[in-house]
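Just below is one structure, and these are the notes that go with it.
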Amino acid sequence: MRVFVALELPQKTKDNLERSANQFREHSRGGNFVPKENFHITLHFLGNVQQSDLIYVQSAMDSVKDLPAPELQITQFVMLAASDIVCARLKQNADLVYLHDLLGEKLEANGFEVEHRAYRPHVTLIRKKSFDLPFSEVTKCVDVYNMPFNAANVVLYESVFGDNGVTYRELYTVTLKNNVKP
């Protein structure tokens with residue numbers, strides 16, 4: 001099965017990102033818009049993993065559950081370099097980077113390969129985009145709803161390919177400590 005570990009976004013954040021995606025849609029000549037229910041922040045993509053090995057992914061996830069849930073904020077919309085992907089970029093966050101790095105170490109210790117390039121967290125909104133204006137002009141027409149949010153659920157997802165595209169099936173979840181101040 002094809003799997004990855006990601007942070008689940010709060011519903012309000014997904015709703016706000018969907019509003020922004022709909023503003024992009026007004027200037028779109030084509031592209032694959034990611035459904036709201038698929039919005040997430042990837043921590044580690046693992047690729048094809050045997051079902052019998054998922055327990056080792058779960059063990060790595062369990063080892064980070066005492067970390068604080070990162071408080072995140074969307075800062076802008078960008079195109080990923082050398083791709084046709086439009087995404088929401090996140091403000092730099094030390095808790096998120098630490099979570100990513102520690103989880104990667106635990107996954108490697110359990111026998112999984114992880115990428116060792118700079119971590120650039122984002123939420124993918126559109127694949128294979130095509131607009132009627134240059135991207136820099138389109139972004140001027142799109143609102144960034146950038147209220148801070150906590151992402152407390154680390155989820156192991158399976159990518160399920162069907163006639164209507166890809167859906168993500170939740171296989172296992174670990175909840176981080178809530179660091180919201182009263």
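Annotation: side chain of D84 is not in contact with side chain of I126 (no heavy-atom distance under 4.5 Å). Taking the side chain as every heavy atom from C-beta outward, D143 and Q23 approach each other to under 4.5 Å. You'll find the side chain of N48 stays beyond 4.5 Å of the side chain of M1, heavy atoms only. Side-chain contact check for H27 versus C141: some heavy-atom pair is nearer than 4.5 Å. With contacts defined as side-chain heavy-atom distances shorter than 4.5 Å, the pair L176/P70 qualifies. A 4.5 Å side-chain heavy-atom check between F39 and L125 finds at least one atom pair inside the cut-off. Using a 4.5 Å heavy-atom threshold, the side chains of V123 and C87 count as separate. Inter-residue side-chain proximity for Y172 and V155 is flagged as unmet; no heavy-atom pair is nearer than 4.5 Å.
No more than 12 heavy atoms of other residues, nucleotides or ligands shown are found within 6.0 angstrom of CD on E113. Within a 6.0 Å sphere centred on CD of Q11, other residues, nucleotides and ligands contribute more than 12 heavy atoms. Annotation: N164, atom CG; neighbour count of heavy atoms from other residues, nucleotides and ligands within 6.0 Å does not exceed 12. Residue-environment remark: CZ (R120) stays at or below the threshold of 12 foreign heavy atoms within 6.0 Å. The environment of NZ in K106 is sparse: at most 12 heavy-atom neighbours from other residues, nucleotides or ligands sit within 6.0 Å.
Note that R169 lies outside the cation-pi zone of Y157, set by a 6.0 Å cut-off to the ring centre and a 45° limit from the axis.
Taking the centre of each ring, F131 and F24 come in below the 6.0 Å mark. Within the 6.0 Å centre-distance limit, the rings of H40 and Y168 are counted as a close aromatic pair.
Taking both residues in full, the closest heavy atoms of A69 and N150 are given as O-ND2, 3.3 Å, listed atom of the first, atom of the second, then distance. Of all the heavy atoms in F149 and L9, the pair that sits closest is CE1-CD2, 3.7 Å. A pairwise comparison of heavy atoms in K14 and E37 identifies NZ-O, 3.8 Å as the closest pair. Across every non-hydrogen atom of A21 and F33, the tightest pair is O-CE2, 3.4 Å. Nearest heavy-atom pair across N38 and V166 is ND2-O, 2.9 Å.
In this structure a side-chain-to-backbone donor-acceptor pair under 3.5 Å is present from S28 to G30. The closest donor-acceptor contact from the side chain of Q73 to the backbone of N146 lies under 3.5 Å.
The NZ atom of K36 sits 10.5 Å away from atom CG of L17, with the distance rounded to the nearest 0.5 Å. In this structure, the separation between CD on E18 and OG on S20 is 10.0 Å, given to the nearest 0.5 Å. For the atom pair CD (E105) and CG (L107), the distance works out to 10.5 Å, reported to the nearest 0.5 Å. Note: M61 CE to T173 OG1 = 6.0 Å, rounded to the nearest 0.5 Å. For the atom pair NE2 (H100) and CG (L7), the distance works out to 10.5 Å, reported to the nearest 0.5 Å.
In the hydrophobic cluster analysis, where Ile, Leu, Val, Met, Phe, Trp and Tyr join through side-chain heavy atoms closer than 4.5 angstrom, F112 is grouped together with V5. Follow the hydrophobic side-chain contacts under 4.5 Å out from L90 and you never reach F45; the two are in separate clusters. Criterion: ILVMFWY side-chain heavy atoms under 4.5 Å apart, direct or through other members. Under it, L72 and Y98 are part of a common hydrophobic cluster. Linking ILVMFWY residues whenever their side-chain heavy atoms come closer than 4.5 Å, directly or via other members, places L102 and L46 in the same cluster. At a threshold of 4.5 Å between side-chain heavy atoms, the hydrophobic network of Ile, Leu, Val, Met, Phe, Trp and Tyr places Y56 and V154 in one connected group.
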